[in-house]
Q: 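What follows is a structure written as structure tokens; I'll ask about it next.
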Amino acid sequence: MLDDWLASGLPLIDCRPFADYCRGHAAGATSLPAGQLFERLHELPVPGQPLWLCGEASELPSMADRLAARRHEIAGILSWDAGLQQRLQRQCLLQQGSRSRRLWRPAPLLQRFVGQMPAWGIAPGRGLDLACGAGRDLVFLAENGWQMTGVDYLPDALGRAARLAQDNRQAVTLLHCDLEKDDRPFRHQRFDLVCVMRYLHRPLLPWIRQLLNPGGVLVYQTFMQGCEKISSPRNPNYLLASGELADMFADGEILLDERELLADGRPLSAFIARFHPV
């Protein structure tokens with residue numbers, strides 16, 4: 001089975017306790033202990049990408065079934081035992097230490113934005129991630145020089161974001177806040193970047209504009225009308241109309257306004273605007 005995994009080139013999730021992982025693991029593996037795996041699903045690749053699992057033989061079948069139920073494809077399993085460890089050692093594939101391969105990715109639009117920052121003359125500053133969830137976008141932006149604040153109304157999501165930031169050695173500020181109420185603790189602060197990924201509450205849109213400093217940038221991506229014909233969300237309150245963001249933020253320089261499609265055909269906005277000093 002080891003040869004099959006090596007030939008596949010696919011990610012390997014090591015589900016053993018972290019201390020055991022540090023004592024020895026397959027080169028290029030990702031540590032996600034069994035007891036934490038289902039709290040850290042946001043650290044896995046998107047569902048559908050094949051994965052291999054490694055760990056105690058008694059735990060692997062049930063873990064594979066639970067991941068498959070969440071649409072993660074399990075390509076194979078490696079039972080960790082003395083024989084596997086010896087084979088890894090003979091092939092110079094046994095590593096020690098805490099280094100773990102990263103599998104999570106931020107929103108593609110934010111990757112695109114960061115790649116275009118030099119061409120657009122945008123330098124990192126203070127950033128705000130509204131409805132930040134488990135923090136992948138937040139941490140990615142922090143890694144690229146932004147001083148990030150993340151906001152969410154779910155304490156569990158903020159806990160996952162805090163762990164992700166710590167594991168990736170990034171300092172971020174996290175705020176517990178229901179954006180759809182009036183008790184927003186940062187209402188008088190201003191930011192150089194506001195990003196919103198897969199969240200829409202239309203009464204917030206004028207307020208988001210007020211949060212931006214002169215020269216600030218808005219990066220917005222969420223579902224558009226047409227999703228309801230395929231899958232969720234189907235509520236029109238959560239679906240943007242074509243051109244809606246461009247109309248709402250017409251006072252800005254629109255750097256990007258496109259309609260993108262997910263693999264299942266659902267349309268997403270891809271909107272970036274910069275607001276110059278008056």
Side-chain angles (χ1 to χ4, degrees), residues 1-2 4-6 8-89 93-106 129 131-140 142-143 150 152-176:
M1 294 297 287
L2 175 60
D4 293 336
W5 168 62
L6 291 172
S8 75
L10 295 173
L12 177 68
I13 309 298
D14 192 318
C15 304
R16 295 174 300 142
F18 186 62
D20 293 342
Y21 175 89
C22 291
R23 283 192 286 270
H25 57 266
T30 298
S31 174
L32 282 176
Q36 302 173 7
L37 180 60
F38 294 96
E39 301 170 5
R40 297 171 62 185
L41 289 174
H42 58 286
E43 297 183 40
L44 293 176
V46 295
Q49 179 176 336
L51 302 168
W52 278 69
L53 295 181
C54 178
E56 301 296 333
S58 60
E59 295 181 333
L60 289 175
S62 63
M63 293 185 64
D65 289 343
R66 293 173 68 188
L67 283 171
R70 291 164 172 81
R71 298 185 295 114
H72 290 283
E73 181 182 339
I74 308 304
I77 58 176
L78 287 177
S79 298
W80 186 272
D81 55 25
L84 176 61
Q85 184 170 342
Q86 291 168 4
R87 287 198 63 193
L88 289 170
Q89 192 164 20
L93 294 172
L94 183 68
Q95 291 185 340
Q96 295 179 328
S98 61
R99 185 173 181 179
S100 175
R101 178 183 175 186
R102 176 191 289 187
L103 298 179
W104 62 267
R105 295 288 184 270
D129 186 352
C132 67
R136 288 172 295 195
D137 300 328
L138 179 82
V139 170
F140 172 74
E143 289 177 331
D152 206 280
Y153 82 103
L154 292 174
D156 288 349
L158 292 173
R160 292 193 293 272
R163 175 172 186 134
L164 192 68
Q166 180 180 8
D167 288 349
N168 288 274
R169 298 177 177 83
Q170 298 300 317
V172 300
T173 300
L174 297 170
L175 299 176
H176 179 232

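Numbering of residues begins at 1 and proceeds along the displayed sequence.
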Q: So Ile13 and Leu44, do their side chains get closer than 4.5 Å, heavy atoms only?
A: yes

Q: Is it true that, when you exclude Gln166 itself, more than 12 heavy atoms of the residues, nucleotides or ligands shown sit nearer than 6.0 Å to its CD?
A: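 Open: at most 12 neighbouring heavy atoms sit under 6.0 Å from CD of Gln166.
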
Q: So which pairs with a foot in residues 33-48 pass salt bridge (charged side-chain N to carboxylate O under 4.0 Å, His left out), sequence neighbours left out?
A: Arg40-Glu43, Arg40-Asp167

Q: Determine the minimum heavy-atom distance between Leu164 and Ala134, stating which atoms define it.
A: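 Result for this residue pair: CD2-O, 3.8 Å.
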
Q: Tell me if a side-chain donor or acceptor on Thr30 pairs with a main-chain N or O of Arg101 at a distance below 3.5 Å.
A: yes

Q: State whether the number of non-hydrogen atoms from other residues, nucleotides or ligands found under 6.0 Å of Arg102 atom CZ is greater than 12.
A: yes

Q: If you look at every heavy atom in Ala29 and Asp14, which pair is closest and at what distance?
A: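 Smallest heavy-atom distance, with atoms named: CB-CB, 4.4 Å.
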
Q: Does Gln96 reach the main-chain N or O of Arg23 with its side chain, forming a donor-acceptor pair under 3.5 Å?
A: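 Side chain of Gln96 to backbone of Arg23, a donor-acceptor pair under 3.5 Å: yes, one is there.
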
Q: Taking atom CG of Leu84 and atom CG of Leu94, what is their separation to the nearest 0.5 Å?
A: 9.0 Å

Q: Between atom CG of Leu67 and atom CG of Leu41, what is the distance when rounded to the nearest 0.5 Å?
A: 6.5 Å

Q: How close do Arg160 and His42 get, heavy atom to heavy atom, and via which atoms?
A: CD-CE1, 3.3 Å

Q: Out of curiosity, Leu78 CG to Trp5 CH2, how far, rounded to the nearest 0.5 Å?
A: 7.5 Å

Q: Looking only at heavy atoms, what is the nearest atom pair of Gly133 and Ala161, with distance?
A: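 Closest pair (atom of Gly133, atom of Ala161, distance): O-CB, 3.8 Å.
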
Q: Which atom pair, heavy atoms only, marks the closest approach of Ser98 to Cys22?
A: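 Smallest heavy-atom distance, with atoms named: CA-SG, 3.8 Å.
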
Q: Short question: side chain of Asp152, backbone of Leu158 - any donor-acceptor pair under 3.5 Å?
A: no

Q: Measuring from atom CG of Leu37 to atom CG of Leu53, what distance do you get when rounded to the nearest 0.5 angstrom?
A: 7.5 Å

Q: Going by side-chain hydrogen bond (donor to acceptor under 3.5 Å, both in side chains), name the pairs with one or both residues in residues 55-64, residues two or more places apart or in two chains.
A: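 As it turns out, there is no side-chain hydrogen bond (donor to acceptor under 3.5 Å, both in side chains) pair with a partner in residues 55-64 once direct neighbours are skipped.
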
Q: Which pairs with one or both residues in residues 65-81 pass salt bridge (charged side-chain N to carboxylate O under 4.0 Å, His left out), sequence neighbours excluded?
A: none

Q: Test Leu32 against Leu103 for side chain to side chain contact (heavy atoms under 4.5 Å, CB included), laying out the working first.
A: CA-CA 11 Å; Leu32 282 176; Leu103 298 179; 5.8 Å; no

Q: Find the distance between OG (Ser8) and CG (Leu6) and round it off to the nearest 0.5 Å.
A: 7.5 Å

Q: Hey, is the main chain of Ser31 close enough, under 3.5 Å, to the side chain of Ser100 for a donor-acceptor pair?
A: yes

Q: Just by distance, do the side chain of Asn168 and the backbone of Gln170 share a donor-acceptor pair under 3.5 Å?
A: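 Not at all, since once roles are kept as given, no pair shorter than 3.5 Å links the two residues.
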
Q: Measure across Ala165 and Val172 and return the closest heavy-atom pair with its distance rounded to 0.1 Å.
A: CB-CG2, 3.8 Å

Q: For Trp80 and Gln85, indicate whether the former's side chain and the latter's backbone hold a donor-acceptor pair under 3.5 Å.
A: no

Q: Does atom CZ of Phe38 have more than 12 heavy-atom neighbours from other groups under 6.0 Å away?
A: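 Atom CZ in Phe38 is packed in, count exceeds 12.
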
Q: Calculate, to the nearest 0.5 Å, the distance between atoms CG and SG belonging to Leu88 and Cys54 respectively.
A: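 One gets 8.0 Å once the value is rounded to the nearest 0.5 Å.
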
Q: Kindly say whether Arg99 contributes a backbone atom to a donor-acceptor pair with the side chain of Tyr21 at under 3.5 angstrom?
A: yes

